[in-house]
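Comments concern the structure below.
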Amino acid sequence: MRAAQLFWGVVLLNVAVVWTLFFTMAPEPKHVLVGVGQFLGLHAALLMILQLTLIARLPWLDRRVGMDRLTTWHRWTGFTLFWVVLAHPMFVMAGYAATYHSTVLRELKNLAGMPGPLVGMIALVVIVVAAGTSIRYARRRLQYETWHAVHVFLYVAIALVLVHQLFEISTFTASPVATAYWWALWVFALGALLVGRVAMPLWRNARHQFRVAAVVPESDNVVSVHISGRDLDRLPARAGQFFIWRFPGYASWWQANPFSLSAAPDGRSLRLTAKAVGTASAALRHVPVGSRVFAEGPYGAFTSLHRTRDKTLLVAGGVGVTPIRALLEELSGDVVVLYRAHSRADAVLLAELESLARARGAQIHLLTGRTGAGDPPFAPFEPDNLAATVPDVTDRDVYVCGPPAMTAAVIRALRVLKVPRRQIHAERFSLAG
């Protein structure tokens, strides 16, 4: 919580600096609408820098805030950026049209003939396409690999936005102070991106030399992949975290998937367990043993480092059981596991969970059946039912991972039961499985 407050405090401080520079040092605009457009353009640049910081996967932020929350922030920042970059040129063109008694279309043509505005327009097109694929309706119909490939082109937009800003007098060249400030922001954001997304992954993969050690089918559509490597005891991975996995030579490089560790790291090997929901994940059962693996991570704050109580409740749904199973292996103390599945046959890794529970004295409740079926209706995560299953739930840290609807239902019940927010730890199913 404190890390999130500090992060957004720094963001608001930079907003204040941008406003101060604009209102005290920027030259007088030709028209008030042009000024509004330039003001929005500054915010578009600041939002782009914020996006770079959010996707840089900085270890300090990731360990304290978690990739789940950073992804949510990234999504809403992206949609805000979408509307700001649409409004920015509209105000500028309307202002020029009013100044020169022209039309918006004529000013669009005029601006397209100049290098600075032209690269800004190209960046706008890329951002609009990326935002369109992130709308919930489109996102549900796209494979993860396709969505990821489209978003790679946002790096082109970032470069174009920087070039566009270099041509803007109201930003880089208004004063030496403004120039130094904006360069410092861009250098920090781009440097964080290069370190977090390029340098660190390359270094870790060169050091650890990840390879496929075994491929084990867990069910008709779920498979576990065991990963070996060098010096894995030096890899800072914990139970509950995930990696972004690539299998070069077997799948295309842009086919990258986030899969949680389904066993606690032991310094000798890693294991991921995945359900076939896309082209790359469906093909995992056919990955040859011995093939190279490129892994980015570890990521995520869904770990025991954030425990506040001695007692723990783990809630899993579907293949979201993977980080829960890893956490059960690592946790000590009084642990209760609630595992939601359609049937016992659909409960992936159940035998391992039961074995770990016996060894550690934990309790497991397998919750099977169709929600709403029966009389009274089967609703295991209604507040009264959850409290009946785990009477001391308010005295426990609660870790929840599963499909979005299940996760939302559990969190609603926990809030009704007055479980403190600091004791609730949730991982989105899309990042877990």
Side-chain angles (χ1 to χ4, degrees), residues 144-145 201 204-253 255-300 302-304 314 316 318-331 337 339 346-357 359-360 401 427 429 431-433:
Y144 174 84
E145 297 86 359
R204 277 191 175 153
N205 281 271
R207 178 183 186 181
H208 297 295
Q209 297 290 308
F210 301 111
R211 289 188 180 274
V212 175
V215 178
V216 180
E218 303 288 355
S219 69
D220 291 342
N221 62 348
V222 177
V223 63
S224 289
V225 180
H226 297 252
I227 307 295
S228 62
R230 299 187 312 193
D231 301 324
L232 293 185
D233 58 317
R234 307 292 295 275
L235 184 67
R238 296 186 65 94
Q241 291 188 302
F242 70 95
F243 288 76
I244 296 177
W245 305 90
R246 289 181 172 87
F247 296 87
Y250 183 74
S252 300
W253 180 257
Q255 290 182 315
N257 289 81
F259 297 127
S260 289
L261 297 176
S262 58
D266 59 5
R268 299 184 301 273
S269 66
L270 304 172
R271 187 182 74 172
L272 66 96
T273 301
K275 183 178 181 179
V277 293
T279 303
S281 54
L284 281 177
R285 64 177 59 236
H286 305 298
V287 173
V289 172
S291 59
R292 288 291 303 274
V293 179
F294 190 92
E296 294 180 48
Y299 301 126
F302 194 69
T303 69
S304 60
L314 304 177
V319 79
V321 72
T322 53
I324 295 297
R325 186 263 181 232
L327 281 169
L328 178 60
E329 187 176 358
E330 181 183 272
L331 289 171
V337 181
Y339 188 0
D346 294 320
V348 178
L349 304 179
L350 178 59
E352 293 185 18
L353 285 169
E354 292 175 333
S355 176
L356 285 170
R360 296 175 176 273
C401 186
E427 180 85 313
F429 184 74
L431 291 181

* To do: Heavy atoms only: give me the nearest Ile324-Ala316 pair and the separation to one decimal.
  => CG1-CB, 3.7 Å
* Asked: How far apart are the closest heavy atoms of Ser260 and Phe242, and which atoms are they?
  -> CA-CB, 3.5 Å
* Asked: Nearest heavy-atom pair of Ala326 and Gly240: which atoms, and what distance?
  -> CB-N, 4.1 Å
* To do: Please report the closest heavy-atom contact between Ile227 and Leu232, naming both atoms and the distance.
  => O-CD1, 4.3 Å
* To the nearest 0.5 Å, what is the distance between CG (Leu272) and CG (Leu261)? -> 8.0 Å
* Asked: OH/Tyr299 to CD/Gln241 distance, rounded to the nearest 0.5 angstrom?
  -> 10.5 Å
* Distance-minimising heavy-atom pair for Leu270 and Pro265 -> CD2-CB, 4.2 Å
* **Any residue meeting salt bridge (charged side-chain N to carboxylate O under 4.0 Å, His left out) with Arg238, in chain and number order, not counting sequence neighbours** => Glu330
* Once you round to the nearest 0.5 Å, how far does CZ of Phe247 lie from NE2 of His286? -> 13.0 Å
* Side-chain (Arg360) to main-chain (Leu331) donor-acceptor, under 3.5 angstrom -> yes
* To do: First locate atom CG of Leu284, then atom OG1 of Thr273, and finally report the distance between them rounded to the nearest 0.5 Å.
  => 10.0 Å
* Can you sort out the partners of Arg268 under salt bridge (charged side-chain N to carboxylate O under 4.0 Å, His left out), two or more places apart, ordered by chain and number? => Asp266
* Asked: About how many Å separate CZ of Phe210 and CZ of Arg230, when rounded to the nearest 0.5 Å?
  -> 10.5 Å
* Val223 versus Val287: any side-chain heavy-atom pair under 4.5 Å? -> no
* Hey, is the main chain of Glu296 close enough, under 3.5 Å, to the side chain of Arg204 for a donor-acceptor pair? -> no
* Minimum heavy-atom separation for Pro298 to Pro236, with atom names? -> CG-O, 3.1 Å
* Could you list all the ring pair (Phe, Tyr, Trp, His ring centres under 6.0 Å) pairs where at least one residue sits in residues 212-240, not counting sequence neighbours? => none
* Does Asp220 CG have over 12 foreign heavy atoms under 6.0 Å away? -> no
* To do: Check side-chain contact (heavy atoms from CB on, under 4.5 Å) between Glu352 and all other residues, then give those that pass, not counting sequence neighbours.
  => Arg271, Arg325, Leu349
* ring pair (Phe, Tyr, Trp, His ring centres under 6.0 Å) partners for Phe243, two or more places apart -> Trp245
* Which side chain to side chain donor-acceptor pair (under 3.5 Å) pairs, counting each pair once, include a residue from residues 205-219, with sequence neighbours left out? -> Glu218-Ser224, Ser219-Asn221
* To do: Might you work through the side-chain contact (heavy atoms from CB on, under 4.5 Å) test for Phe259 and Thr322, ending with a clear yes or no?
  => CA-CA 9 Å; Phe259 297 127; Thr322 53; over 6 Å; no
* What is the distance from atom CD1 of Ile244 to atom CZ of Phe294, rounded to the nearest 0.5 Å? -> 10.5 Å
